Protein chains: 4
Amino acid sequence: MPAPSRPPASEDSPPRRGRRKQARPGELLEAALALFAEKGFAATRVEEIAARAGVSKGTLFLYFPTKEDLFRAVVRESIAGRFDEWNQEFETFQGDTPEMLRYCMRSWWERLGATPASGITKLMLSESQNFPEVAAYYQAEVIAPGKDLIRRILERGVARGEFQIADLECAVYSVIAPMIFLMLNKHSVAACLPESAHIEPLRYVEAQATVLLQGLRRRDS
Amino acid sequence: MPAPSRPPASEDSPPRRGRRKQARPGELLEAALALFAEKGFAATRVEEIAARAGVSKGTLFLYFPTKEDLFRAVVRESIAGRFDEWNQEFETFQGDTPEMLRYCMRSWWERLGATPASGITKLMLSESQNFPEVAAYYQAEVIAPGKDLIRRILERGVARGEFQIADLECAVYSVIAPMIFLMLNKHSVAACLPESAHIEPLRYVEAQATVLLQGLRRRDS
Amino acid sequence: MPAPSRPPASEDSPPRRGRRKQARPGELLEAALALFAEKGFAATRVEEIAARAGVSKGTLFLYFPTKEDLFRAVVRESIAGRFDEWNQEFETFQGDTPEMLRYCMRSWWERLGATPASGITKLMLSESQNFPEVAAYYQAEVIAPGKDLIRRILERGVARGEFQIADLECAVYSVIAPMIFLMLNKHSVAACLPESAHIEPLRYVEAQATVLLQGLRRRDS
Amino acid sequence: MPAPSRPPASEDSPPRRGRRKQARPGELLEAALALFAEKGFAATRVEEIAARAGVSKGTLFLYFPTKEDLFRAVVRESIAGRFDEWNQEFETFQGDTPEMLRYCMRSWWERLGATPASGITKLMLSESQNFPEVAAYYQAEVIAPGKDLIRRILERGVARGEFQIADLECAVYSVIAPMIFLMLNKHSVAACLPESAHIEPLRYVEAQATVLLQGLRRRDS
DNA sequence: CATGAATGAGACTTCATTCAT
DNA sequence: TATGAATGAAGTCTCATTCAT
């Protein structure tokens with residue numbers, strides 16, 4: 001019997017009223033993220049979100065006062081403390097930096113890119129100008145920490161004599177850009193194209209890492 | 001001699017009726033591209049577009065039957081034959097391939113990224129799922145030719161012994177991803193941030209090209 | 001004494017939510033018929049219809065997707081199975097055919113002409129060219145069965161030696177024309193004139209029937 | 001140069017500018033009548049009317065200040081003095097009254113029903129409630145004189161011992177109704193049906209006259 | 001006089017939000 | 001708490017009317 005994911009106490013399988021109630025906001029956020037990412041904020045109807053979450057329109061407004069508040073909650077929840085765990089992992093990473101960077105890119109895909117959370121990236125890209133305060137929040141909570149993490153890895157490589165980097169600030173984007181590109185690709189044109197035209201994520205990540213690591217490698221005098 | 005009352009001699013300031021007729025569609029397309037890229041299709045009101053183009057709501061519908069048709073025209077017009085010129089330039093390029101690739105990335109920024117046309121990239125990313133047929137058109141007219149162009153440059157480098165590339169198909173994205181990232185950055189989060197947080201495009205392009213060329217360079221046995 | 005058709009249990013003035021849901025479409029159709037008949041389809045604003053039905057604009061669209069669909073529903077509902085009852089009545093009519101025809105004309109007025117359903121006649125007359133498919137439906141469901149009914153009555157009279165009719169097909173119109181004229185008169189010029197200028201329906205019907213029956217009567221050799 | 005402002009007498013066949021100018025209002029009225037009768041006032045666009053008259057939208061407003069004014073002119077022009085001629089003809093009619101009435105019905109069809117002027121009948125029927133003052137005008141100028149004319153014919157028949165009429169006022173409608181019905185039929189459902197379903201006007205008129213005359217005929221004690 | 005590009009009031013329709021049940 | 005019928009502000013689009021050419 002599978003343990004319930006969210007509600008801690010009484011564990012009974014059939015989703016009774018009480019159980020559901022606990023889960024509602026999460027289901028709504030999940031549905032909202034998927035639809036916002038697919039169609040954009042303005043083009044998504046709250047009724048669709050409610051339907052996808054299996055509740056009625058009115059119920060949605062029980063948990064989120066307005067559609068905009070739902071949007072903000074989607075961003076906030078999709079992000080919440082995602083970096084803490086990741087940061088710690090890299091603080092204590094054993095091994096050489098090239099491998100660390102390759103591992104970083106792989107987990108980026110596995111933990112974010114391949115999950116629904118990747119929709120947030122597209123969402124922020126599309127909507128940041130319509131929600132400046134959310135964009136600022138995202139910048140502070142995701143972009144800045146993310147860049148910091150990458151920068152620390154690159155600095156480690158330089159310090160250990162593994163990397164030789166002329167412009168550290170820009171080199172950060174050499175890691176970020178291919179990963180963002182991969183996530184966005186999944187949510188945009190690729191979604192309209194036949195399978196055959198899709199990028200193969202794993203192969204793509206390895207290839208990008210390979211070129212990148214070659215590009216950053218220390219050149220002996 | 002009494003000077004003509006209305007149309008003063010000055011070249012074109014108070015545009016004559018006839019001239020306007022010709023210019024209107026272009027002005028509307030320009031306004032529409034800017035606003036669609038900024039706020040998305042659904043969140044942009046046709047009245048805003050008309051106002052930005054300096055005409056009234058009704059006038060817009062004189063040239064474009066519906067808002068969706070305007071969207072399609074925006075994409076089509078922003079693209080029209082942009083690759084022909086570029087392709088030819090590279091067919092006849094003299095010089096080594098690393099320089100060619102660096103030049104390619106520079107002109108990408110100068111001719112597209114730095115211009116309003118870069119909005120199309122964000123627009124297609126945001127709206128492709130809402131306009132699958134436009135996405136297909138964009139794929140056929142922009143993405144595919146663009147990838148072809150890059151691939152031919154990479155193949156030239158390999159053929160001339162300048163590049164050593166394990167996965168050609170993915171290496172194409174090593175060129176594309178940083179450029180797309182730069183263009184999108186300009187139209188999203190960066191637009192909400194203080195100047196200081198912006199990427200410096202020229203420095204960024206040089207840095208990406210440097211790392212990339214190092215990464216592609218032939219390694220002697 | 002006619003019992004009230006609509007509000008059944010007169011007591012409950014503030015109609016319950018559920019009851020309304022059931023009644024709404026009917027109320028809207030009634031309001032729409034009245035206004036379409038009065039002003040025509042194009043000149044009637046949906047907001048007026050909604051207001052007359054005691055609801056807001058948006059509510060109308062909860063029940064009818066478009067104004068045109070509302071129009072189609074008005075025609076369809078005003079007609080639905082109106083002939084079945086009438087037909088049966090005449091199948092089993094006892095008595096001589098002149099009386100039968102006179103009764104037919106009287107009930108035509110009482111059951112249709114004097115009711116709001118008479119508006120459909122004006123409506124179809126005014127709008128048939130704007131809604132050809134509705135006109136075809138009306139032809140098939142109302143005009144053809146109506147003519148058939150009249151024709152059968154006339155044939156009965158001929159068969160029983162009561163009538164002598166040179167051109168049966170056209171004689172059908174000798175019955176129809178005065179009745180249609182009466183119904184249309186009520187909805188057009190008469191509506192703009194002082195009471196005094198109106199036709200008195202009952203007297204009119206009797207007079208038309210009298211002249212007509214005299215005109216159809218068998219002339220002994 | 002003060003050229004003659006209007007085109008004077010000069011009579012040349014090819015419709016020169018001058019000639020056309022004179023004809024414009026008439027062509028516009030003709031086009032307007034046809035379209036108003038077909039689609040109704042509100043559903044007809046002034047641009048269509050102008051196009052059908054072979055002029056531009058702006059030109060129409062040179063002759064008629066508003067669409068409503070055009071409507072009023074259409075009604076007024078289509079009617080202008082149509083009864084004077086007809087009245088005189090019947091004042092001096094030689095022959096028996098049944099033939100007179102039959103002739104009246106025939107000419108009604110030939111001079112009105114079969115011409116575009118028959119559209120006015122449908123138009124007034126459809127629009128009278130939207131233009132009460134036009135309806136009053138029509139009542140005074142057409143309906144009242146028309147009924148008078150018919151009444152005088154019937155009275156002549158009674159006076160000459162040819163007719164025996166119980167309700168003279170209503171008997172007038174026994175003449176009018178079938179003729180109005182025929183004209184309306186042509187402009188409504190019939191216009192949407194295959195040829196085969198149409199009424200044959202000449203046969204129809206003769207048949208109605210025959211039944212009617214039989215119905216009015218004096219019955220010997 | 002004639003044109004047709006431009007206007008903007010007004011119509012249809014959508015959809016976030018409310019609230020009686 | 002959950003529902004979904006009802007609302008009305010707001011958006012797209014139409015078209016009578018104006019006016020510079």
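Just so it is clear, the model here is predicted, and its values are computed rather than measured. All chains are named by letter (A, B, ...) in the order of the sequence lines, taking the proteins before the strands, and each is independently numbered beginning at 1.
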* Are OP1 or OP2 of dA5(F) and a side-chain N or O of Thr59(C) less than 4.0 angstrom apart? -> no

* Rounded off to whole Å, could you give me the CD-to-C1' distance for the Glu68(C) and dT14(F) pair? => 14 Å

* To do: For Glu30(D), look at atom CD and say whether over 12 heavy atoms of other residues, nucleotides or ligands are found less than 6.0 Å away.
  => no

* Structure fact -> Between CD of Glu47(A) and C1' of dT14(E) the distance, given in whole Å, is 11 Å

* Short side-chain N/O contact to dA6(F) OP1/OP2 from Ser56(C), under 4.0 Å -> no

* To do: Flag the pair Phe131(B) / Phe41(B) as yes when their ring centroid distance falls below 6.0 Å, and as no otherwise.
  => yes

* Between OG on residue Ser188(C) and CG on residue Leu123(D), distance to nearest 0.5 Å -> 12.0 Å

* Asked: If you look at every strand shown and take non-hydrogen atoms under 4.0 Å, does Val46(B) touch a base, only sugar-phosphate, or nothing?
  -> sugar-phosphate

* Is Arg24(A) near enough to dT1(F) that one of its side-chain N or O atoms lies under 4.0 angstrom from OP1 or OP2? -> no

* To do: Return yes if the base of dT7(E) and the side-chain atoms of Lys57(B) contain a donor-acceptor N/O pair under 3.5 Å, otherwise no.
  => no

* Structure fact -> Separation of dT14(F) atom C1' from Lys67(D) atom NZ, nearest Å, is 11 Å

* To do: Taking only the side-chain nitrogens and oxygens of Tyr63(C), find out if one of them lies under 4.0 Å from OP1 or OP2 of dA6(F).
  => yes

* To do: Can you tell me the distance, in whole Å, between the CG atom of Leu60(C) and the C1' atom of dA11(E)?
  => 13 Å

* Kindly say whether Val55(B) contributes a backbone atom to a donor-acceptor pair with the side chain of Thr59(B) at under 3.5 angstrom? => no

* **Leu62(A) CG to dC19(E) P, straight-line distance once rounded to whole Å** => 14 Å

* To do: Choose from dA6(E), dT17(E), dT17(F) the nucleotide whose nearest atom is closest to any side-chain atom of Phe61(D).
  => dT17(F)

* Roughly how many Å is it from CZ in Phe64(D) to C1' in dT18(F), rounded to a whole number? -> 18 Å

